[in-house]
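Computed from a predicted structure; not experimentally measured.
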Amino acid sequence: MAFTLPERQVLGIHGLLPPTVLTQEEQLYRTMQSFTRQPTDLDRYILLAGLQDRNEKLFYRIVSENVESMMPIVYTPTVGLACQRFGLIYRRPRGLFVTIHDRGHVFELLSNWPEESVKAVVVTDGERILGLGDLGAFGMGIPIGKLALYTALGGVKPHQCLPIMLDVGTDNEDLLDNKLYIGLRQKRERGPVYDELVDELMHAITERWGANTLIQHEDFANANAQRLLDKYQQRYCMFNDDIQGTAGVALAGLLASLRVSGKQMKDHKFLFQGAGSAACGIANFLVLQMIEDGLTEEEAVSRVWMNDADGLVVQDRPAGMSGTKARFAKDHPHLNNFEDALEIVKPSILIGACATAGVFTEKVLKNMALWNERPVIFALSNPTSKAECTAEEAYTHTEGRALFASGSPFDPVTIDGTIFRPGQGNNAYIFPGVGLGAIVCGMRRISDKVFLRAARTCADMVTELDLSQGRLYPPLSSIREISVRIAVATIQEGYDDGSATLDPEPRDKEAFVKSKMYDFRYDSFLPILYDWPEEAGFQATDQQFSNFRDMT
């Protein structure tokens, strides 16, 4: 209903719409009224998905201007429920489904996508969706949600974004028996055949849209996430958000906490509950930061301890170990119990990345407060139902002294009259800006240093007022500004390491980034009208044409 009267007449839709002409601001108000009247968060998700189908510009403006209320709906935690119900709420395709049976024909599938200028691809195989496990093809909600944030928070143009679901089956028996399941009804394919499909997809994306197409891996299982990152990081413009994005945002919060504790990173001792790809990614970034603080690599690694479902990560534990966690295995007797490990390590920073609700018990939190004046406690697992502790538990059991952050949002907590506003360590602080910067300067690869710069940029934007309120991250309402600054930092890193291909290098990088961002304002659908010179003999004289021109 925002079409003006001349636009309606030119487009031949006059009379097909009610006579009222609404501004975008009025449309936004009406939509927000409908949004707040929905009975559940899933209903709000469905409403926004419908709006995204009908009116992209209005959808992205609403999300970008109401980040704190929209983020929990468009992404975690509601997107987790949306994935679980994906077969029920599915309306229309918003991406590509590439199956294991399409091997040898992946480029043909990509050629079916109508957009010729795709710049950002988010791909998942659905095996580890948030903390919910294997959701198979229902996991398509994750790349859709991620790319919505690329546009709303990072300004990446929506037609340049492509979600891809790599459907290789599922080992979730409930889904295989679910009549509403939309994916392949077979056990998950693994081994060389799986690797061949991923190889073909990565090659086909760059063959179709160019070598600097950004490819983000999302919610791959631990067995594949780090392995695929190691395999492709130096060959493609790609990153894994669960590893590097999570590590970047966690490091940003921890850097901000140093301003409260008055310590350097090298002064801390860390204990992770969970030793998967996300935890190892954070640990690796912490090591890099401590090396910059003056420690040797060996000294930095010695300050990081890990505990997982098989107990303390030590060199000779009965269950053994695999992957990057081996780097942090200690020469210490094996312990099965997390609370026993906590007593041995006595960490100053406790990080949860295990998707086990309540594992940070009252005893754990009280011990952290006993050993530390300002204990740092990060409960990073998503969705909210999987958080290692709540914000209220963290503040209550540490007498309000905890420096707390979580992966999903929590409401403010009041302790003895003091209001604490817990920060959400959401990857959306990091990946939209990194993606935007990589796209606009044509980066060929994305190194870990990009995320270190992004983390420091984010931490620098935390104000003293934020810290006084308990926030270790800037307010979500400022996230678009953060994305611009991170994009600038990403571009600078790209030119520093030689991965940026745009020539010449922009002098004013911030102005350059802003000029490339998506504009939420409506375009005019009226043709450009003008007269020829009088001497040409074709000057418009028709009265109706003149009247129309006056209206424009």
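The neighbour count for Phe107 CZ, taken as heavy atoms of other residues, nucleotides or ligands under 6.0 Å away, is above 12. Under a cut-off of 6.0 angstrom, the local environment of CZ in Arg185 is crowded, with over 12 non-hydrogen atoms contributed by other residues, nucleotides or ligands. Residue Lys231 places its NZ atom among more than 12 non-hydrogen atoms of other residues, nucleotides or ligands, all under 6.0 Å distant. Annotation: Asp411, atom CG; neighbour count of heavy atoms from other residues, nucleotides and ligands within 6.0 Å does not exceed 12. More than 12 heavy atoms of other residues, nucleotides or ligands lie within 6.0 Å of NE2 in His101, so this atom counts as buried by the packing criterion. A 6.0 Å sphere centred on CZ of Arg521 holds no more than 12 heavy atoms belonging to other residues, nucleotides or ligands.
One distance of note links CG of Asn427 with CG of Asp242; it measures 7.0 Å at 0.5 Å rounding. Rounded to the nearest 0.5 Å, atoms CZ (Phe272) and CG (Asp308) are 13.0 Å apart.
Taking the six-membered ring for Trp and the full ring otherwise, the centers of Tyr150 and Phe431 sit less than 6.0 Å from each other. In summary, the aromatic rings of Tyr473 and Tyr429 are positioned with their centroids under 6.0 Å apart.
By the 30° and 60° cut-offs, the orientation of the rings of Phe520 relative to Tyr60 is parallel. Aromatic ring pairs are classed by plane angle as parallel below 30°, tilted from 30° to 60° and perpendicular above 60°; the pair Phe285 and Phe451 is tilted.
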